[in-house]
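Notes follow once the structure below has been shown.
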Amino acid sequence: MSDLVRPATDIAIDVSGLTKIFAGKKVVDNLSLRVKRGHIQGFLGPNGSGKTTTIRMLCGLLTPDAGEGRCLGLDIRTQQEEIKRHVGYMTQGFSLYRDLTIRENLEFVARIYGLVAPEDAAQAALERLGLTARADQLAGELSGGWKQRLALGACILPAPSLLLLDEPTAGVDPKARRDFWDEIHHLANEGLTVLVSTHYMDEAERCHEIAYILDGKLLVSGTIEDTIRNARLTTYVVKGEGLDALAAELNRAPGVDMVAPFGAALHVGGRDRQAMEAVAARYADRAHRWMQDEPTLEDVFIELMTRNHRSGQ
Amino acid sequence: MNEASVRRDIQRDIQPARRGALAQSWQRLVAMFVKEFIQLRRDRPTLGMIVGIPLIQLLLFGYAINTDPKHLPTAVLVSDDSPLARALVGALRATDYFHVKYVVQGEQRADQLIRSNEVQFVIQIPPDFSRRLVRGERPSLLIVADATDPTATAGAIAAASGAVIQALDRELTGALATLAQNSPPFDLQVHRRYNPAGEARRNIVPGLIGTILTMTMLIYTALSVTREIERGTMEALLAMPVKPVEIMLGKITPYVVVGGVQMATILIVATFLFRVPIVGSLFVLVPLTLLFIVANLSMGYTLSTVAANQLQAIQMTFFFFLPSMLLSGFLFPFYGMPVWAQYLGEGLPLTHYLRIVRSVMLKGSGYGDLAADAGALALFTLVAMSVAVMRFRQTLD
């Protein structure tokens, strides 16, 4: 087991074979993942694919039924107490105290983590977050964007080495999302490792590496370029009239592996280049313009999802 | 958007068929009814408690409560070991009201027994009782009753005089028969100690202190864990490096202060409005009351770790509260209950606290007299806290 002797400096998350079973169903199935220190790891997958369960196993909130691994060099099965000290976990829903003010929430967190001067730590966090003016406002009265900002602030207040963010930007406006991601990159530059689950492709593209999970299984992991290249998709962007009807027809056409509407266009793709080109030639007519294009990350994921659901049925 | 376009917007889709206005209202009611029923049905423990609570409590209290208590713990202070004295004690025993647990010599020992709630009666037979009786001097036979609970002792006192006269009738035969013909050849004196006038409020007000504190303290902590779960804050809390013991003590302590304030309020009102004296020391009453408060807070917290939601927590609180009222000796005499119910009662903090508060306020008992009850409260607290810490799930598994 050379993995165990590896110095814990370059790999922040190193887990293999993680499995969690709820009511007889494998919610996470034999998942292995390795995240480098200082990297931002995107964690993607549809709702119910096991992202939250995986994150909870990483931070010691759930015990894996099988598999093993380390977070920051600490065993996720036996050293949960220690892991909690060094991992910041931002839950999917807002989980700070709504009936405490922003300052009170931050001071609470600072005390729980045993910081020397909790009031000062909270004040510093307030300034960093730009929340000084709202310090005495109840956390429950904040808008979605500010809540999320506060939650992140509370997470990084005890200076963790690893951040686990579970859909942190769900329901947040684009400006706040962009600010949030700037902050994440800033933190990663300082050496913090971040694992962030998201449904937004633009956010996925801001990660150093991504992992895609479906029905508890890890389907793809690596950089975005690798992910797109490895998918070997031939994709076309189709524009024109009656795209809904065309989409329904293409879904049944041999050689087509994914069909997805994007605004006023249709993305059509297939893994078999020749078959796909034949389809394009067949369907290109006066009403529809077919243009070959590089596959996007979203195309790749839709194809992955479609394929797995077809094979599952 | 103008009105026409709004209407067009609403009417754009084909509308499903709807009922008339009254029928719609009825259907909305049905919708709420069906929804509530489904939710109730999903909550298994609550469903169990719907039938369980009334059934258990009805059976429990139906069999346990008895307003005419018998077999009351009694000490006999015999200074005159004559056949006549023995016959009298035998007669009192035969009434079924007096259960002679101790036969003692000194008055001091007798006092101590009654102060520490070991006995409710001391029957005193003076040194030369039979000799003076034979001489026709009408000696007095003394029954000292612990009147902190007047209802508990009333029946026994009433039964005592009749029993003693009958016993003498049987004993005084032959030459002594003439004595029996007169009105009682002795003077039966009853001392209702600690509450000579038999005032109910001297019994009820101290009891209320315990009952009120039980109710308020239980609810405070019973909701504390379930509230964190329902508001979603538990997940973040569990992800932080905080231990179950720390969470528990941190949640209980503020309410000890709250309980202290309540205690002070009640004691002030009890003293100045209801004129219930505090015979004993506040240095005994206050610390032991705080101990009782902690015991109830721990119990509430334990319920909170068992309940899945706030509704369950409240139901459990009541499930605990009602026996506390009925089996502790607050409303009905403790010794009136069958033995199994007394054992149940011994498991309730209120039972022990009632003894403490009544004894300190009315009898002036000290730590020495109340060690057993104080110990029981401490033990209860310890057990409840241990269960809570073990029950507390540190993960979301």
Side-chain angles (χ1 to χ4, degrees), chain A residues 20-23 27 52-53 55-65 71 74 76-77 79-100 105-106 108-115 139-140 147 150-152 154-155 157-158 160 162-166, chain B residues 12-14 38 41-45 219-258 300-301 304-305 307-310 313-314 386 388-397:
Chain A
K20 186 71 194 177
I21 302 165
F22 283 132
V27 180
T52 300
T53 305
I55 290 176
R56 284 175 175 172
M57 283 194 278
L58 292 178
C59 66
L61 277 184
L62 286 176
T63 319
D65 291 315
C71 248
L74 300 161
I76 60 165
R77 288 174 157 277
Q79 292 178 290
Q80 288 143 320
E81 277 295 308
E82 196 61 20
I83 286 176
K84 287 176 184 179
R85 277 175 208 284
H86 301 288
V87 173
Y89 169 43
M90 185 167 156
T91 55
Q92 207 167 47
F94 184 67
S95 57
L96 290 172
Y97 295 97
R98 289 176 167 78
D99 45 358
L100 293 191
N105 265 303
L106 292 171
F108 171 73
V109 172
R111 288 197 186 97
I112 289 276
Y113 281 87
L115 302 195
K147 274 200 183 108
L150 171 61
L152 179 68
C155 270
L157 185 134
L162 171 65
L163 266 187
L164 301 173
L165 311 175
D166 195 2
Chain B
R12 188 182 51 204
D13 297 319
I14 298 156
I38 293 169
R41 207 181 53 199
R42 295 271 147 80
D43 192 349
R44 294 272 162 191
I219 281 283
Y220 290 145
T221 42
L223 297 178
S224 64
V225 174
T226 44
R227 189 167 49 215
E228 298 246 15
I229 292 170
E230 284 188 14
R231 290 192 186 170
T233 51
M234 188 49 95
E235 193 182 352
L237 193 62
L238 289 180
M240 294 183 200
V242 56
K243 294 192 172 66
V245 181
E246 295 159 351
I247 295 178
M248 177 180 72
L249 294 179
K251 276 178 174 289
I252 285 180
T253 319
Y255 293 110
V256 177
V257 179
V258 173
Y301 188 80
S304 196
T305 58
N309 54 48
Q310 300 199 32
I314 290 176
S386 309
V389 169
M390 283 189 292
R391 282 281 324 176
F392 190 87
R393 284 151 300 183
Q394 257 188 297
T395 60
L396 301 166
D397 285 295

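To find a chain, count down the sequence lines: A is the first, B the second, and so on, and within it residues start at 1. What you see is a predicted model; the values in this text were computed from it and never measured.
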Contact check, side chains of Gln92(A) and Glu235(B), non-hydrogen atoms, under 4.5 Å: no

Heavy-atom closest pair, residues Gly232(B) and Ser95(A): O-CB, 3.1 Å

Min side-chain heavy-atom separation Tyr89(A)-Leu238(B) under 4.5 Å: no

Chain B contact via Ile112(A) - side chain, backbone, both or neither, heavy atoms under 4.5 Å: both

Region of Arg56(A) that comes under 4.5 Å of a non-hydrogen atom in chain B: side chain

Greatest number of heavy atom pairs closer than 4.5 Å to chain A - which of Met240(B), Lys243(B), Glu246(B), Arg393(B): Met240(B)

Nearest heavy atoms of Tyr113(A) and Ala239(B), plus distance in Å: OH-O, 4.0 Å

Exam field: side chain Lys84(A) to backbone Val242(B), donor-acceptor pair closer than 3.5 Å: no

Residue part contacting chain B, namely of Asp99(A), when any heavy atom lies under 4.5 Å: side chain

Heavy-atom proximity to chain A below 4.5 Å, by part of Glu228(B): side chain

